[in-house]
**Q** 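My questions all concern the structure below.
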Amino acid sequence: MLDIKLIREDPDRVRAGLKTRHSPVDVSAVLELDERRRAAITEGDRLKALRNEISKKIGALKKAGEDTTEIQRQTREMGEQISALDAQLREIEEAQRQLVLAIPNLPHESVPSGDDALDNVVVREWGRKQTFDFEPKDHVALGEALGLFDFERAARMSGAGFPLFKGPGARLERALIQFMLDLHATRHGYVEISPPFLVTTATMTGTGQLPKMADDMYRVPGDDLWLIPTAEVPVTNLYREEIIREPLPLKFVAHTPCFRREAGSAGKETRGLIRVHQFDKVELVKFVPPGTSYDELEKLVADATAVLEALGLTYRVLQLCSGDMSFAAAKCYDLELWAPGFNGWLEVSSCSNFEAFQARRAGIRWKNPEGKTEFVHTLNGSGVALPRLVVALLENGQQPDGSVVLPEALRPYLGGLERLEPPPK
RNA sequence: GGAGAGAUGGCUGAGUGGCCGAAAGCAACGGUUUGCUAAACCGUCGUACUGGUAAUAACCGGUACCGAGGGUUCGAAUCCCUCUCUCUCCGCCA
């Protein structure tokens with residue numbers, strides 16, 4: 001949520017920022033409502049002050065034994081007037097809130113302007129694209145031959161897009177989760193969290209998923225609950241409506257399943273594990289002092305890429321352009337893995353600085369060293385998402401005989417296993 | 001799921017219709033004292049919105065907030081209703 005004061009005092013800057021995001025939001029409607037809101041507050045407060053004064057007087061008069069019937073009648077009328085004004089104010093505030101909640105964050109000045117993914121900028125590449133002296137297979141062919149998953153039976157129980165890992169596939173998932181959690185918790189100083197997977201509407205609104213993304217999420221009928229699309233939601237909301245007393249920065253890592261309806265993306269890059277309705281992810285979340293959030297973003301990217309480097313996977317870092325950033329982000333890097341069978345780059349992480357956008361929605365504040373209460377900056381990034389990581393591991397490690405060599409860093413988590421081999425016939 | 005108790009400022013905890021934005025203690029912060037530490041003493045010490053002087057710093061004023069929402073009343077932390085959460089006991093249960 002943008003600061004209403006910023007919208008009021010520098011509407012042109014807001015308009016310019018929103019324009020680079022192709023956001024059709026009408027700022028003048030907000031300004032007009034704000035004008036009316038403040039007028040209603042001024043008038044209402046004036047009447048309330050008057051009533052408080054008179055009420056006090058009535059108390060004194062009664063104590064003195066005087067008749068207050070007439071003055072009470074008048075004050076009652078004033079009360080009705082106040083109720084009417086309050087009702088009107090509530091309407092205005094709600095209308096304004098709805099408008100402001102739908103406004104995306106302003107891009108940071110370092111964000112390149114652009115229309116879509118084509119305008120994103122490659123910041124750097126790490127590793128070399130693997131070459132093979134045979135025709136590389138894709139992860140579906142490899143995984144099925146190795147008996148790692150069973151998409152058909154999973155589809156029978158849940159519909160398309162729900163993966164099922166099996167045997168060494170399931171163990172590989174578990175090993176990767178463990179490996180990443182250990183790396184971030186012990187080496188990078190993140191505190192591990194295991195949060196709820198179902199959260200309320202207020203929680204979803206705090207991080208910005210609602211109201212905009214309602215159609216992309218699963219909802220539990222009968223209860224005011226939604227399935228989380230990312231651990232960002234419960235972890236960032238850890239401090240919702242709080243003034244944080246612990247010293248900043250606070251850093252958390254969480255492994256959770258993620259549920260996404262992926263409405264409207266049917267048929268688009270959906271083969272195998274590329275785009276699924278349920279997947280596991282290790283997520284990093286930070287609460288930091290406002291002045292440090294851009295440094296913290298760079299460190300976050302370093303922490304996430306450390307996973308990829310430890311696994312020896314070729315990746316690149318993209319800086320997203322203004323038109324391709326998510327709703328709440330002020331600046332965002334995507335991390336993509338090279339997948340030879342897919343013959344393309346796969347996004348496995350998105351690292352964003354939200355500045356105070358989420359903190360303002362969710363009411364997350366701290367006391368700065370000057371003793372002033374202010375909103376913190378929040379950041380998060382995947383560290384990293386599982387299924388596409390598995391895709392890259394399989395496709396990069398594949399051998400001519402259909403086996404897959406596993407990265408050394410992972411072997412301790414697999415009981416020393418060095419490669420995945422097809423099961424004996 | 002049943003019965004009961006409770007929810008007040010960072011914490012503990014008073015407050016049962018006007019003198020309460022809220023006692024007291026603790027913690028925190030500033031200061032005095034001190035060779036240093038401790039102690040003692042003095043002071044400060046919630047949040048949001050809003051009006052004014054003014055530079056979005058500071059100051060003065062107003063309003064609202066005592067779990068959330070509604071009601072009674074001239075006036076509600078205090079009375080009534082609904083909801084949420086916490087605790088205790090019973091039942092059920094991975």
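In what follows, chains are A, B, ... by sequence order, proteins preceding strands, each numbered from 1. On a predicted model such as this, the values are computed, not experimentally measured, just so you know.
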**Q** Counting Watson-Crick and G-U wobble pairs with both distances under 3.5 Å, what is the dot-bracket string for RNA chain B, 5' to 3', using [ ] for crossing pairs and | for pairs to another strand?
**A** ((((((((.[[[..)..(.....]]].(((((.......))))).((((((((....)))))))).[[[[[..)....]]]]])))))))....
**Q** Can A/Arg260 and A/Asp216 be counted as an ion pair, charged N to O under 4.0 angstrom?
**A**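 No salt bridge links A/Arg260 with A/Asp216.
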**Q** Nearest whole Å is fine: how far is B/C49 P from A/Arg360 CZ?
**A**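 Answer to the nearest Å: 10 Å.
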**Q** Select base, sugar-phosphate, or nothing to describe what A/Thr68 touches, counting heavy atoms under 4.0 Å on all strands.
**A**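 If one applies the 4.0 Å heavy-atom cut-off, A/Thr68 turns out to touch nothing in the nucleic acid.
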**Q** For residues 48-61 of chain A, which side-chain donor-acceptor pairs fall under 3.5 Å, sequence neighbours excluded?
**A**
| from | atom 1 | to | atom 2 | distance (Å) |
| --- | --- | --- | --- | --- |
| A/Lys48 | NZ | A/Asp86 | OD1 | 3.3 |
| A/Asn52 | ND2 | A/Lys48 | O | 3.4 |
| A/Ser55 | OG | A/Arg51 | O | 3.0 |

**Q** Using the C1' atom in both, what is the distance from B/A54 to B/U12, to the nearest Å?
**A**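 B/A54 and B/U12 have their C1' atoms separated by 42 Å.
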**Q** Is the ring centre of A/Phe342 less than 6.0 Å from the ring centre of A/His139?
**A**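 A/Phe342 vs A/His139: aromatic centres not under 6.0 Å.
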**Q** Starting at atom CD of A/Gln96, determine the distance to atom C1' of B/U50, rounded to an integer number of angstrom.
**A**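 Rounded to the whole Å, the gap is 13 Å.
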**Q** Mind checking what makes ring pair (Phe, Tyr, Trp, His ring centres under 6.0 Å) contact with A/His255, not counting sequence neighbours?
**A**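 Ring pair (Phe, Tyr, Trp, His ring centres under 6.0 Å) list for A/His255, sorted by chain: empty.
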**Q** Quote, to the nearest angstrom, the P distance that separates B/C26 from B/C81.
**A**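 So the two P atoms sit 39 Å from each other.
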**Q** To the nearest Å, give me how far apart CD1 (A/Ile4) and C1' (B/U50) are.
**A**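 Rounded to whole Å, this separation is 14 Å.
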**Q** Can you name the residues that form a side chain to side chain donor-acceptor pair (under 3.5 Å) with A/Asp45, not counting sequence neighbours?
**A**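 Once residues adjacent in sequence are excluded, A/Asp45 has no partner under the side chain to side chain donor-acceptor pair (under 3.5 Å) criterion.
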**Q** When the P atoms of B/A28 and B/A39 are considered, how many whole Å apart are they?
**A**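 Each nucleotide's P atom is 9 Å from the other's.
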**Q** Between B/A14 and B/G9, how far is it from one P atom to the other, in whole Å?
**A**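 The answer is 13 Å between these two P atoms.
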**Q** With sequence neighbours excluded, tell me which residues meet side chain to side chain donor-acceptor pair (under 3.5 Å) with A/Asp224.
**A**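 A/Thr201.
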**Q** Determine the Euclidean distance between corresponding P atoms of B/A64 and B/U78; express it in Å to zero decimal places.
**A**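 Here B/U78 and B/A64 have their P atoms 14 Å from each other.
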**Q** What's the CD1-P distance between A/Ile244 and B/U47, to the nearest Å?
**A**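 Answer to the nearest Å: 15 Å.
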**Q** The criterion is salt bridge (charged side-chain N to carboxylate O under 4.0 Å, His left out); which residues satisfy it with A/Lys331, sequence neighbours excluded?
**A**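 With sequence neighbours excluded, A/Lys331 shows a salt bridge (charged side-chain N to carboxylate O under 4.0 Å, His left out) to no residue whatsoever.
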**Q** In residues 10-17 of chain A, what residues come within less than 4.0 Å of RNA chain B, judged by heavy atoms?
**A**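 Of all residues in residues 10-17 of chain A, none places a heavy atom under 4.0 Å from RNA chain B.
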**Q** Using the P atom in both, what is the distance from B/U8 to B/A3, to the nearest Å?
**A**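 My reading of the P atoms in B/U8 and B/A3 gives 25 Å.
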**Q** Between B/U56 and B/C49, how far apart are the P atoms? Round to whole Å, please.
**A**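 Per the computed distance, 16 Å lies between those P atoms.
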**Q** For A/His184, which residues count as a ring pair (Phe, Tyr, Trp, His ring centres under 6.0 Å) partner, sequence neighbours excluded?
**A**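 If we apply the ring pair (Phe, Tyr, Trp, His ring centres under 6.0 Å) test to A/His184, skipping adjacent residues, the hits are A/His188, A/Tyr190.
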**Q** Any pair with a residue in residues 155-182 of chain A that passes side-chain hydrogen bond (donor to acceptor under 3.5 Å, both in side chains), sequence neighbours left out, goes on the list, sorted by first then second residue, please.
**A**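 Every side-chain hydrogen bond (donor to acceptor under 3.5 Å, both in side chains) pair that includes a residue of residues 155-182 of chain A, provided the two are not neighbours, is A/Asp182-A/Tyr413.
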**Q** Enter the distance from A/Ile244:CD1 to A/Thr373:OG1 here, rounded to the nearest 0.5 Å.
**A**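 Output value for this atom pair is 11.5 Å.
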**Q** Picking from B/G10, B/G46, B/U50, which would you name as closest to the side chain of A/Arg245?
**A**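 Closest nucleotide among those given: B/G10.
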**Q** Could you tell me the separation between the CZ atom of A/Phe375 and the P atom of B/U47, rounded to a whole number of Å?
**A**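 Spelled out: CZ on A/Phe375 to P on B/U47 is 12 Å.
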**Q** Where along nucleotides 55-86 of chain B does protein come under 4.0 Å, by heavy atom, of base (B) or sugar-phosphate alone (S), with - for untouched nucleotides?
**A** -B-----BSS---------BS-----------
**Q** Taking the C1' atom of each, how far is B/G15 from B/A76, in whole Å?
**A**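 One C1' to the other, the span is 13 Å.
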**Q** Let me check something: any side-chain donor-acceptor pairs from residues 145-152 of chain A under 3.5 Å, sequence neighbours excluded? List them with distances.
**A**
| from | atom 1 | to | atom 2 | distance (Å) |
| --- | --- | --- | --- | --- |
| A/Asp150 | OD1 | A/Glu152 | N | 3.4 |
| A/Asp150 | OD1 | A/Arg153 | N | 3.1 |
| A/Asp150 | OD2 | A/Arg153 | NH1 | 2.7 |

**Q** Can you list everything that forms a salt bridge (charged side-chain N to carboxylate O under 4.0 Å, His left out) with A/Arg73? Sequence neighbours excluded, please.
**A**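 A/Glu70, A/Glu77.
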